[in-house]
Amino acid sequence: MDLFQHGPDDLRSLRAEAPVHRDEGTGLWLVSRYRDVRAILADPRRFHPDNALTAVTPIAPPVLRSLARAGFSLPPTLANNGTATHAGLRRLVAAFLTPARVAGMRPRIAELARDRLAGLTGPVADLHPALARDLPAVVLLEVLGIRDVDVAALKAWSTASLELFWGNPSPARQRALAEPAAAFHRWLTGRIRAARGDDLFGALRDVPVREAAGLCYFLLIAGQETTTQLLCAMFHAVLRQGDLWSRLGEPGVPERVVEEVLRRDPPVNTWRRVAAEPVTISGVAVPAGAHLLLMLAGTGSDPEVFAEPERLCPARANSRQHLAFGFGRHFCLGAGLARLEAAVVLRETFERFPVLRLADDAEPPMLGLLSFRAPLSVRVRLDGRGPGEPVPDARGAGDVPGGGAARRGVARAGR
Ligand code: HEM
C-alpha cells in the first residue's frame with residue numbers, strides 16, 4: 001500500500017484484515033480501527049507524541065546541516081511534547097482560541113468569504129485559489145493578533161514545510177524545500193525577538209526563543225493549511241452527493257455537513273505516536289519504541305461505529321465522535337475555529353451560488369502526504385450547468401423535477 005496515496009478501499013481492507021500492520025517501507029505500524037486509535041490517543045502514558053513532527057522521509061545529512069546552520073529546530077512544544085511543559089504552552093495558545101474569541105470571528109469570516117465570492121466570474125472557477133487558499137491564514141493571523149505578514153509568503157513557507165516533513169522528497173527536492181522552511185523559521189525568530197505587543201509573539205515573551213519559534217512554526221502551519229484542505233475536501237464531498245448542496249440553507253445543515261466531511265474525509269488523515277512499552281493492540285504484539293501511524297481517516301469510516309460510513313448523513317447522531325481532531329491531551333486547539341470557518345464558508349458559498357456544481361467528473365489532483373490528504377483544486381460551474389445543459393432552476397438542482405442531480409441519477413442526500 002502506498003502510504004502517500006491510499007484510499008478508502010485500502011483502509012477498509014486494513015481494518016478488516018490487518019488492523020495492526022507493519023509497513024515494511026517505513027517501519028511504521030498502521031493502526032486503523034476506531035477503538036484502537038481512540039484508546040491509544042487516550043493513553044499518553046503508554047503512547048508518546050514525540051514523533052508527531054519527525055520527517056517521515058529522513059532528511060539527508062547535508063540538508064540537516066544547512067537547517068542547523070539556519071538555527072532551525074523543532075523542540076517539544078505542543079503536538080510533539082509529552083513532557084511537563086506541554087500543559088503551560090497549551091494554556092498560553094488556548095487563550096487566543098477561547099470559544100468566545102472564536103465565535104467573535106464569525107462576521108469577519110463571512111466578510112472574507114463574501115469578498116472572495118464576489119470576485120468570481122464564471123462560468124468555471126477554481127475555489128481552491130479563489131476562496132480556500134488564503135482565507136484560513138488571514139483568519140488565523142487575526143485571531144492570534146499577528147499583523148504585517150505577507151500571506152503569500154506564509155503559504156509558500158508552509159506548503160514547503162508540509163512536503164519536507166510529511167512528503168517523500170528526493171535529496172535534491174529536500175534541499176529546495178529546506179530553504180523556505182529555514183526562511184520561515186528565521187522570520188519567526190526575528191518577530192519573536194522583536195515582539196512587544198499583545199499578539200501571540202508577545203504572549204511567548206517568557207518562553208525560550210527556540211521553543212517559541214518551534215511552537216509558532218507548527219501553529220502557523222497547522223492552524224491554516226489544514227483548514228484550506230478541509231474547505232477543498234468539503235466542496236468536493238458535498239457537490240458529489242446528490243442534492244446535498246440544495247439543503248445548505250436549512251438551519252444547522254452546514255455545521256452537520258462539516259462534521260460529516262471531517263468524519264469521512266479528514267484532511268489530517270493520519271497522525272503518529274510512539275509506543276513507550278511493549279503493548280498488544282487488537283491481538284498484535286507491538287514492541288516498545290514502535291512508531292505507530294494512526295489511520296484517522298480509517299477510523300471515521302469504521303462500520304463498527306458509523307453505520308453506512310461512505311454516506312455523508314447530516315442527521316447522523318454520532319458524527320462528532322470522529323477522531324479528525326485527535327482525542328485527549330493533545331486534542332486540536334483549533335477545532336472550534338476550523339469548524340466555524342468551514343460552516344460559514346459553506347453557507348456563504350451556497351447563498352451566493354445556490355446551483356453550484358463540479359465542472360469535472362474526474363477525480364481532482366490530490367495532495368498526497370503522509371498525514372495530509374485533500375483535493376488540490378475545486379473546479380466548479382458557477383451557473384450550475386453541466387456540459388450541454390440549460391441553466392438549472394435557482395431553487396436548486398435537486399428540487400427541480402428532472403434537474404441536475406436527478407438527471408445524473410445520483411442518490412438522494414443523507415437522512
Ligand atoms: C480542519 C482543520 C484541522 C484539523 C483536521 C486538525 C487536526 C489536528 C490533529 C489530528 C491534531 C493532533 C491531535 C492529537 O494528537 O490528539 C491537532 C493538533 C493541534 N492542532 Fe489542529 N487541526 C485543524 C485545524 C487547526 C487550527 C485552525 C489550529 C489553530 C488555530 C490548530 C492547532 C492545533 C494545535 C495547536 C495542536 C496541538 C495540540 C496539542 O498538542 O496540545 N489546528 N490538530
Side-chain angles (χ1 to χ4, degrees), residues 37-44 47-53 74 76-99 101-102 105 109 132 135-146 158 162 166 200 204 214-234 237 258-274 292-297 299-300 322-343 345-346 367 369-374:
V37 171
R38 191 172 185 278
I40 290 167
L41 290 170
D43 186 351
F47 300 98
H48 294 173
D50 308 27
N51 60 349
L53 311 183
L74 292 179
T77 53
L78 288 173
N80 62 344
N81 189 358
T83 78
T85 59
H86 172 258
L89 292 170
R90 186 173 162 99
R91 260 197 307 277
L92 205 148
V93 175
F96 286 87
L97 295 162
T98 59
R101 213 174 147 104
V102 168
M105 291 302 289
I109 298 167
L135 185 149
V138 174
V139 172
L140 178 70
L141 293 166
E142 289 187 13
V143 92
L144 298 176
I146 301 175
S158 49
L162 283 189
W166 284 278
L200 174 74
L204 291 168
L215 182 153
C216 293
Y217 182 83
F218 167 75
L219 182 60
L220 293 195
I221 296 173
Q224 47 87 20
E225 284 297 327
T226 47
T227 310
T228 291
Q229 294 160 8
L230 173 61
L231 297 180
C232 293
M234 172 182 84
V258 167
E259 226 47 56
E260 278 287 274
V261 176
L262 283 161
R263 174 188 66 74
R264 194 193 66 183
D265 305 328
V268 181
N269 63 336
T270 74
W271 206 241
R272 284 174 288 174
R273 286 290 191 269
V274 187
L292 310 178
L293 187 67
L294 311 180
M295 312 302 281
L296 302 181
T299 66
H322 66 68
L323 302 173
F325 293 117
F327 185 77
R329 188 178 285 180
H330 293 272
F331 181 79
C332 177
L333 272 176
L337 184 62
R339 283 175 159 138
L340 180 69
E341 285 183 66
V345 167
L346 192 55
L367 176 70
L369 304 174
L370 181 78
S371 293
F372 302 92
R373 184 153 174 80

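Atoms within each ligand, like the ligands themselves, are counted from 1 in listed order. For this chain, numbers begin at 1 and follow the sequence in order.
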Close-contact set for ligand 1 against [X] heavy atoms, below 4.0 Å:
| X | answer |
| --- | --- |
| L230 | 1 (C) |
| W271 | 12 (C), 15 (O) |
| L41 | 16 (O) |

Around [atom], find the nearest protein heavy atom and jot down its residue, atom name and distance.
| atom | value |
| --- | --- |
| atom 40 (O) of ligand 1 | H330 ND1, 2.7 Å |
| atom 35 (C) of ligand 1 | L78 CD1, 3.7 Å |
| atom 15 (O) of ligand 1 | R273 NH2, 2.9 Å |
| atom 34 (C) of ligand 1 | F218 CE2, 3.6 Å |
| atom 16 (O) of ligand 1 | F327 N, 3.2 Å |

L140 contact mode with ligand 1 (heavy-atom cut-off under 4.0 Å):
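It is the side chain that gets close, since no backbone atom is under 4.0 Å.
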
Query raised in the report: Under 4.0 Å from ligand 1, counting heavy atoms only, is it the side chain of E341, its backbone, both or neither?
Result: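 None of E341 does.
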
Minimum heavy-atom distance [X]-[Y], with the two atoms named:
| X | Y | value |
| --- | --- | --- |
| I221 | S158 | CG1-CB, 3.6 Å |
| D265 | A237 | OD2-CB, 3.6 Å |
| H86 | L78 | CD2-O, 3.4 Å |
| C216 | L204 | SG-CD1, 3.4 Å |

For this session: Anything protein N/O/S under 2.8 Å from atom 21 (Fe) of ligand 1? Just list residue and atom, please.
Result: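 Listed by chain and number: C332 SG.
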
Take the angle between the ring planes of F218 and W271 and call it parallel below 30°, perpendicular above 60°, tilted in between.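 Tilted: the ring planes of F218 and W271 meet at 30° to 60°.
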
H86 touching ligand 1 at heavy-atom level, < 4.0 angstrom: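 Yes, that is the case, since the closest heavy atom of the residue is under 4.0 Å from the ligand.
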
* To do: Examine ligand 1 and decide if any of its atoms is less than 4.0 Å from a heavy atom belonging to A324.
  =>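 For ligand 1, residue contact (heavy atoms, under 4.0 Å) with A324 is present.
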
Would you give the length of the straight line joining atom CG of L140 to atom CG of L337, rounded to the nearest 0.5 angstrom?
->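 Rounded to the nearest 0.5 Å, the CG-CG separation comes out at 7.0 Å.
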
